[in-house]
Amino acid sequence: MKPYGKWLWFLPVRALDAGWNLVEKAVHEGKLGPVAKVATLGNPFDGDPTRRPVVVFTEDCNDEEDVHRVLVALRDLGISDALAYKTDEATRLGEYGDRVSTYTSPTGTTKLVRRTPRYAAPA
């Protein structure tokens, strides 16, 4: 199984449909990663109840060049918010919240800021 990863874009609920439509179109046009998803209001979500994530996957969380390529593509779509990138492995381990991301990208930049996740991947 490939070590997928994902960019997380947290949007106010009122902007979720527009944000999702933008990302979904770009995925279908081959501009982003292989797939994306959105946390709809009907899904349980333990985070901020006024925001929901749009999730854009990359095929290999270890391929920093592709992780950055998808980030640049998100910025090219006009997405300027701060973004976080986490591995799918972290999700499988049940890791959520602050300090779980492998990378962040500050508002309006294409800079990848490497972080040390708080969880320890199994050996």
Side-chain angles (χ1 to χ4, degrees):
M1 185 156 77
K2 288 186 179 183
Y4 289 99
K6 53 200 163 203
W7 280 107
L8 304 168
W9 178 30
F10 288 89
L11 289 165
V13 170
R14 70 182 181 284
L16 195 59
D17 285 342
W20 169 243
N21 290 334
L22 180 70
V23 166
E24 182 183 37
K25 182 176 186 259
V27 167
H28 287 298
E29 292 173 351
K31 295 178 181 176
L32 298 173
V35 69
K37 67 180 184 178
V38 63
T40 60
L41 291 176
N43 289 343
F45 179 68
D46 290 333
D48 180 345
T50 67
R51 302 176 77 76
R52 291 288 188 275
V54 172
V55 181
V56 179
F57 288 85
T58 65
E59 290 197 39
D60 185 348
C61 64
N62 298 312
D63 183 347
E64 190 170 298
E65 186 175 307
D66 191 53
V67 170
H68 189 254
R69 179 196 65 78
V70 173
L71 169 62
V72 170
L74 289 166
R75 296 302 192 211
D76 287 347
L77 292 173
I79 298 168
S80 62
D81 299 319
L83 300 172
Y85 184 89
K86 81 183 245 192
T87 65
D88 222 27
E89 177 183 30
T91 301
R92 282 193 303 278
L93 292 172
E95 296 291 335
Y96 294 91
D98 193 33
R99 300 297 306 168
V100 173
S101 57
T102 304
Y103 300 104
T104 59
S105 181
T107 302
T109 74
T110 58
K111 181 178 181 181
L112 279 180
V113 178
R114 183 177 289 278
R115 298 176 74 184
T116 302
R118 71 169 181 229
Y119 74 95

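Between R115 and T102 there is no side-chain heavy-atom pair separated by less than 4.5 Å. Residues V113 and P106 have side chains in contact (heavy-atom distance under 4.5 Å, counting atoms from C-beta outward). Taking 4.5 Å as the limit, some side-chain heavy atom of F57 sits within range of a side-chain heavy atom of K37. By the 4.5 Å heavy-atom criterion applied to side chains, L83 and L71 are counted as neighbours.
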Tell me which donor-acceptor pairs under 3.5 Å the side chains of residues 7-25 have, and how far apart each pair is, sequence neighbours excluded?
unit_1 : atom_1 : unit_2 : atom_2 : d
W7     : NE1    : V67    : O      : 3.2
W9     : NE1    : D81    : OD2    : 2.7
N21    : ND2    : D17    : O      : 3.2
K25    : NZ     : E29    : OE2    : 3.0

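Counting only distance, with no hydrogens or angles, the side chain of H68 and the backbone of T110 share a donor-acceptor pair below 3.5 Å. Using a distance-only test at 3.5 Å, with no hydrogens or angles considered, no donor-acceptor pair links the side chain of R114 to the main chain of T104.
The two residues G33 and V56 make their nearest non-hydrogen contact at N-CG1, 4.2 Å. Summarising the geometry of P3 relative to N62, their closest heavy-atom pair is CG-ND2, 3.7 Å, with the distance given to 0.1 Å. The shortest heavy-atom contact between V100 and A90 is CG1-CB, 3.8 Å. Heavy-atom minimum distance, R75 versus T109: NE-O, 2.6 Å.
Under the side-chain contact (heavy atoms from CB on, under 4.5 Å) criterion, D76 pairs with V72, not counting sequence neighbours. Scanning for side chain to side chain donor-acceptor pair (under 3.5 Å) contacts around T50 gives D48, with sequence neighbours left out. Considering only residues two or more places apart in sequence or on other chains, A26 meets the side-chain contact (heavy atoms from CB on, under 4.5 Å) condition with K31, L32, L77. With sequence neighbours excluded, the residues satisfying side-chain contact (heavy atoms from CB on, under 4.5 Å) with R69 are D66.
Under the 3.5 Å distance criterion, with hydrogens and angles disregarded, no donor-acceptor pair is assigned to the side chains of K6 and T87.
Residues in residues 94-117 take part in these ring-ring contact (aromatic ring centres under 6.0 Å, His included) pairs, two or more places apart or across chains: Y85-Y103.
In this structure, K86 does not pair ionically with E95, as no charged nitrogen and carboxylate oxygen lie closer than 4.0 Å.
Rounding to the nearest 0.5 angstrom, the gap separating the CG atom in D88 from the SG atom in C61 is 8.5 Å.
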